[in-house]
Amino acid sequence: MMPPAFAAVRNGQGERLDAAFHAAVPRAALEPADAPMCARSAGPSTAPTIALLAHGVTSNKDRPYLVELADSLAGAGIAALRFSFAGNGDSEGRFEDATPSKEVDDLGCVIDAAVAAGHQRIVCVGHSLGGAVGLLRAARDPRIGALVSLAGMVHVDLFMQRHFGGLSPGQPMLGRPGCPWSVALADDASRLGSLLPQASRIAIPWLLVHGSADDLVPIADSLEARAAAGGRPELRVFPGVDHRFAGAGAALSAAVTGWLVGRGFC
């Protein structure tokens, strides 16, 4: 059942953000032999932690690996919320207006809703551009207690120029007619440039996950982000796995869930 706080999340422009909530399995319902250590305590779970799952560019909340990850987290006692940024999926707004900076503000509104729903610890999990959005938000928002970047984009302007620099405004990105390349996105990416300065300010627990065969966001983005953060983030490399973690959804879910559980985020 969707908590009221998430039923009608709106961003600063009043646009409704489509979301799907995965309730945490109560601690009392977890089998002692199978439950993570932090979920074995007596009494019902209050699900203090929630993981907010952010998608990448031209995508939405319903990507199979995000659904699988949300189910995995909920099964370990961690509530999860998948949501689509404004202009994407079934959220309100125009795709032409979607920029990383606007999505950082969208994420802030989702965090507001999570706090209003009673969640005391916030984990941001972002894929690709969603990873860049999570990093930008975490660098300035102390409410975020942990960060997970899945094939996270760090060199934002370089990515946009590499993949879309040859497009004219209005032409489809990645061949998707509903996702037109826009001046707003190009200008915002140019302004952001690289996020290595933001990475250097991340002191909270941070997990970087990347496939070695990623041909959209090179693994160098994660390696350089880790170096900028003084080597503090943990890096998990999936050999031979692509940008969308095809065929590795279960392993991805296990890695992220295990990492959060191991740090008591449940």
Side-chain angles (χ1 to χ4, degrees), residues 11 13 15 17-18 53-66 83-107 126-137 139 149-199 208-228 237-238 240-248:
N11 64 12
Q13 289 71 44
E15 297 161 335
L17 304 181
D18 183 44
L53 277 54
H55 62 81
V57 66
T58 76
S59 190
N60 59 69
K61 69 177 178 57
D62 295 324
R63 288 296 189 188
Y65 51 84
L66 294 180
F83 69 97
S84 295
F85 291 112
N88 293 264
D90 291 328
S91 290
E92 295 178 352
R94 302 191 320 148
F95 183 85
E96 294 92 324
D97 298 327
T99 66
S101 294
K102 185 184 179 190
E103 292 181 354
V104 170
D105 291 339
D106 284 359
L107 177 55
H127 176 249
S128 192
L129 182 58
V133 170
L135 171 54
L136 283 163
R137 190 79 212 184
S149 301
L150 310 176
M153 190 186 302
V154 174
H155 301 297
V156 179
D157 188 43
L158 181 60
F159 173 91
M160 297 299 173
Q161 290 304 317
R162 180 191 301 123
H163 295 290
F164 310 121
L167 298 179
S168 298
Q171 288 187 294
M173 299 170 64
L174 301 179
R176 297 173 182 168
C179 302
W181 176 240
S182 71
V183 172
L185 179 54
D187 287 350
D188 193 53
S190 177
R191 182 185 65 80
L192 290 171
S194 170
L195 306 186
L196 292 179
Q198 288 85 353
L208 299 156
V209 184
H210 224 113
S212 67
D214 193 326
D215 61 348
L216 287 179
V217 177
I219 194 171
D221 279 42
S222 286
L223 294 172
E224 292 176 30
R226 186 172 186 268
V237 178
F238 284 30
V241 171
D242 65 11
H243 184 66
R244 297 174 181 83
F245 294 94

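Below, all heavy atoms of this structure are taken into account, side chains as well, without hydrogens, waters or symmetry copies. What you see is a predicted model, and the numbers here were worked out from it, not measured in a lab. We're numbering straight along the sequence, starting at 1.
- For the residue pair Arg244 and Ser128, no side-chain donor N or O sits within less than 3.5 Å of a side-chain acceptor on the partner.
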Q: In sequence, state the C-alpha distance, the side-chain angles, and the governing distance for Asp157 and Leu192, and then conclude on side-chain contact (heavy atoms from CB on, under 4.5 Å).
A: CA-CA 7 Å; Asp157 188 43; Leu192 290 171; over 6 Å; no

Q: Any chance you could lay out the side-chain contact (heavy atoms from CB on, under 4.5 Å) test for Gln161 and Leu158, step after step, and finish with the verdict?
A: CA-CA 5 Å; Gln161 290 304 317; Leu158 181 60; 5.6 Å; no

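- Here the closest heavy-atom approach between residue Glu96 and residue Ala184 is recorded as O-CB, 3.9 Å.
- Heavy atoms only, all atoms of each residue included: Val156 and Ala189 are closest at CG1-CB, 4.0 Å.
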Q: Give the C-alpha distance, both sets of side-chain angles, the deciding distance and a yes or no for salt bridge (charged side-chain N to carboxylate O under 4.0 Å, His left out) between Glu15 and Arg94.
A: CA-CA 10 Å; Glu15 297 161 335; Arg94 302 191 320 148; over 6 Å; no

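- Using a 4.5 Å heavy-atom threshold, the side chains of Asn88 and Glu103 count as touching.
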**Q.** Trace of the side-chain hydrogen bond (donor to acceptor under 3.5 Å, both in side chains) decision for Asp18 with Ser91
**A.** CA-CA 5 Å; Asp18 183 44; Ser91 290; 5.5 Å; no

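- Shown here for Leu107 and Arg137, the closest heavy-atom pair between the two residues is CD2-CB, 3.6 Å.
- Under the 3.5 Å distance criterion, the side-chain polar atoms of Asp221 are matched with a main-chain donor or acceptor of Val154.
- Side chain to side chain, Asp106 and Asn11 meet the donor-acceptor criterion of an N or O pair below 3.5 Å.
- The shortest side-chain heavy-atom distance between Leu129 and Phe85 does not fall under the 4.5 Å cut-off.
- Using modelled atom types, no side-chain atom of Ser84 and backbone atom of Asp90 make a donor-acceptor pair closer than 3.5 Å.
- Side-chain contact between Glu224 and His155: present, with at least one pair of heavy atoms (C-beta onward) separated by less than 4.5 Å.
- Ion pairing between a basic and an acidic side chain is recognised when a charged N comes within 4.0 Å of a carboxylate O; Asp97 and Lys102 show no such pairing.
- Between the side chain of Asp242 and the backbone N or O of Asp214 there is no donor-acceptor pair closer than 3.5 Å.
- Using a 30° and 60° split on the angle between ring planes, Phe164 and Phe159 fall in the perpendicular class, above 60°.
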**Q.** From CA spacing to verdict: side-chain contact (heavy atoms from CB on, under 4.5 Å), Ser182, Leu185
**A.** CA-CA 5 Å; Ser182 71; Leu185 179 54; 3.3 Å; yes

Q | Criterion side-chain contact (heavy atoms from CB on, under 4.5 Å) on Ser149 and His210, from CA distance to verdict | A | CA-CA 8 Å; Ser149 301; His210 224 113; over 6 Å; no

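- Expressed to the nearest 0.5 Å, how far CZ of Arg63 lies from CZ of Phe245 amounts to 13.0 Å.
- Partners of Asp187 by salt bridge (charged side-chain N to carboxylate O under 4.0 Å, His left out), not counting sequence neighbours: none found.
- Closest non-hydrogen pair, Val217 versus His243, comes out as CG2-CE1, 3.5 Å.
- Between Ser222 and Leu208, the shortest heavy-atom contact is O-CD1, 3.6 Å.
- Looking at heavy atoms from C-beta onward, Phe95 lies in side-chain contact with Pro180 at the 4.5 angstrom threshold.
- Between Phe83 and His55, the distance from one ring center to the other does not fall under 6.0 angstrom.
- In this structure, Leu195 and Met153 approach most closely via the heavy-atom pair CD1-O, 4.2 Å.
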